[in-house]
Amino acid sequence: MKLTGTFLDEISHDIPHQNWGRAEWARDFAAMQAIGIDTVILIRSGHKQWMTYPSDVLHRREGCFIPPVDLVDMFLDLAEAHGMAFYFGTYDSGRYWHEGEFRKEVDLNKAVVDEVWARYGHKPAFKGWYLTQEVSRRVKGIIEIYAEMGRHCKALADLPVLISPWMDGIKAQASSATPGITPEEHAREWGEIMAGISGAVDIVAFQDGHVDFHELPTYLAINKELADRHGLRCWTNSETFDRDMPIKFLPIKWEKLLLKLQAAAQVGVEKAITFEFSHFMSPNSCYLQAVHLYRRYCEHFGIEKSES
């Protein structure tokens, strides 16, 4: 199984910014295209007071800062030029839904997606929606957020709606001595969530880095079975950063990435996307290790390398 999609991380709280302009992003889109990436997903259009495009809604209602560059417009143009589908990631307030005020989160995001579709919906590369709120369990309000937002996006433009939750395994805990969620608990809670969002959300791509490697095949099989049962497409978000290191975050060891991709292939996952190519796997990355991961990946799959 090869990686055919990646998130675009431009509003992050735990990964350093690479300060790229259009020329650097154009080189990176070419490098993505060279290894077969056909889908790019904006991880979030805004987080707290930072945003990727000059949103009147977010500036007026949340006091967000107007960015110097419209990255949504740039990414849509670059995706079109490289034959890629672009999924728009919604806004994350960083507070309302965490504080139980999911109605504020939904209402704000409805206004954002209305604004975005009116502004960019004519762009040929605009092919999907990504609901950026990430959870691992059935927390209060999450079914309502996913279901209502998914229905609103699809009513505006009937494009695929994607979510990328995480599995509350041992690596998600504050201490490795603390057990995470069991496979049975994961299956029960996500069965309830998927039942509640079926028809509003089309694709689920679980992050694969929070459970231990020997447990991953079990969780992947559960995810696939649940998605099939509830009529969702099942992708995997195969993380290209390493959660086992004391430093957050560095490019993953190639052997670990290969193991995860093979496990996903064995259970019949449809598509592998990653968080995230540009920092952790790109020949253009600020991390020196990333280019070596790119080279090992290309060697394994017999891909001609494209390095700037």
Side-chain angles (χ1 to χ4, degrees), residues 7-17 40-73 75-76 86-121 126 128-157 159 161-166 168 172 189 193 196-197 200-201 203-207 210 237 248-249 275-276:
F7 284 95
L8 303 172
D9 183 48
E10 268 300 303
I11 300 292
S12 177
H13 57 88
D14 54 10
I15 298 171
H17 205 284
V40 289
I41 306 136
L42 185 65
I43 187 70
R44 53 186 70 87
S45 56
H47 182 235
K48 298 182 179 178
Q49 289 186 292
W50 303 100
M51 45 186 186
T52 56
Y53 75 101
S55 168
D56 296 331
V57 169
L58 294 174
H59 179 62
R60 183 179 69 254
R61 292 173 58 170
E62 295 297 306
C64 293
F65 306 123
I66 299 296
V69 177
D70 187 336
L71 291 168
V72 172
D73 188 65
F75 289 153
L76 280 163
F86 174 88
Y87 281 57
F88 175 81
T90 55
Y91 174 71
D92 184 351
S93 70
R95 59 184 178 123
Y96 295 134
W97 66 291
H98 295 292
E99 296 168 359
E101 297 182 279
F102 72 87
R103 171 51 49 202
K104 288 186 178 180
E105 191 84 11
V106 168
D107 289 345
L108 186 57
N109 266 292
K110 283 183 177 180
V112 167
V113 300
D114 288 348
E115 176 186 57
V116 162
W117 185 249
R119 192 176 295 186
Y120 308 105
F126 201 130
W129 306 98
Y130 172 63
L131 307 183
T132 195
Q133 286 74 22
E134 297 176 7
V135 297
S136 63
R137 309 285 296 269
R138 187 182 171 176
V139 298
K140 183 179 180 181
I142 195 58
I143 291 178
E144 292 83 354
I145 289 174
Y146 283 162
E148 191 168 343
M149 278 305 305
R151 285 193 293 267
H152 186 80
C153 289
K154 293 177 77 63
L156 196 62
L159 300 173
V161 176
L162 165 70
I163 61 171
S164 186
W166 42 286
D168 198 18
E189 293 195 22
I193 294 171
I197 66 176
V201 173
I203 308 163
V204 58
F206 280 93
Q207 302 166 32
H210 292 90
N237 179 2
K248 297 182 178 179
F249 292 102
F275 186 90
E276 140 284 6

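We use all heavy atoms of the structure for the numbers below, so side chains are in, but hydrogens, waters and symmetry mates are not.
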* Asked: In this structure, are over 12 heavy atoms from other groups packed under 6.0 Å from K154 atom NZ?
  -> yes

* Check the pair Q133, F102 against side-chain contact (heavy atoms from CB on, under 4.5 Å), reporting the backbone distance first and the verdict last. => CA-CA 11 Å; Q133 286 74 22; F102 72 87; over 6 Å; no

Does [X] use its side chain to pair, donor to acceptor, with the backbone of [Y] at less than 3.5 Å?
| X | Y | value |
| --- | --- | --- |
| Y91 | K48 | yes |
| S164 | A205 | yes |
| S45 | G89 | yes |
| E189 | R138 | yes |

* Before giving the answer on side-chain contact (heavy atoms from CB on, under 4.5 Å), spell out for Y120 and V72 the whole-Å C-alpha distance, their side-chain angles and the decisive distance to 0.1 Å. => CA-CA 8 Å; Y120 308 105; V72 172; 3.8 Å; yes

* Of all residues at least two apart in sequence or in a different chain, which pass the ring pair (Phe, Tyr, Trp, His ring centres under 6.0 Å) check with F86? -> none

Nearest 0.5 angstrom please: [X] [atom1] to [Y] [atom2], how far?
| X | Y | atom1 | atom2 | result |
| --- | --- | --- | --- | --- |
| L71 | M51 | CG | CE | 11.5 Å |
| Y53 | C64 | OH | SG | 9.0 Å |
| T132 | M149 | OG1 | CE | 10.5 Å |
| H59 | F65 | NE2 | CZ | 10.0 Å |
| L42 | L76 | CG | CG | 9.0 Å |
| E105 | H98 | CD | NE2 | 7.5 Å |

Do [X] and [Y] come within less than 4.5 Å of each other through their side chains, counting heavy atoms only?
| X | Y | value |
| --- | --- | --- |
| C153 | L159 | no |
| W97 | D92 | yes |
| I142 | R137 | no |
| T90 | V112 | no |
| T52 | R44 | no |
| V113 | H152 | yes |

Closest contact, heavy atoms only, [X] versus [Y]:
| X | Y | result |
| --- | --- | --- |
| L131 | Y146 | CD1-O, 3.6 Å |
| I66 | P54 | CG2-CB, 4.1 Å |
| D9 | E276 | CB-OE2, 3.6 Å |
| V161 | G150 | CG2-O, 4.0 Å |
| A147 | A200 | O-CB, 3.4 Å |
| D168 | S136 | CB-OG, 3.5 Å |

* Asked: What about the rings of F88 and W117, do their centers lie closer together than 6.0 Å?
  ->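 Distance test on ring centres: not under 6.0 Å, no.
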
* **Those residues that, when tested against K110, pass salt bridge (charged side-chain N to carboxylate O under 4.0 Å, His left out) (two or more places apart)** =>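 Salt bridge (charged side-chain N to carboxylate O under 4.0 Å, His left out) list for K110, sorted by chain: E148.
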
* Under the side chain to side chain donor-acceptor pair (under 3.5 Å) criterion, do E115 and S55 qualify, and how do the steps go? -> CA-CA 8 Å; E115 176 186 57; S55 168; 2.7 Å; yes

* To do: Begin from the C-alpha positions of E62 and K104 and carry the test salt bridge (charged side-chain N to carboxylate O under 4.0 Å, His left out) through to its verdict.
  => CA-CA 11 Å; E62 295 297 306; K104 288 186 178 180; over 6 Å; no

* Asked: Can you tell which of F206, F275, W166 makes a side-chain contact (heavy atoms from CB on, under 4.5 Å) with N237?
  -> F275

* Using a strict 4.0 Å threshold on nitrogen-to-oxygen distance, state whether R119 and D56 make a salt bridge. => yes

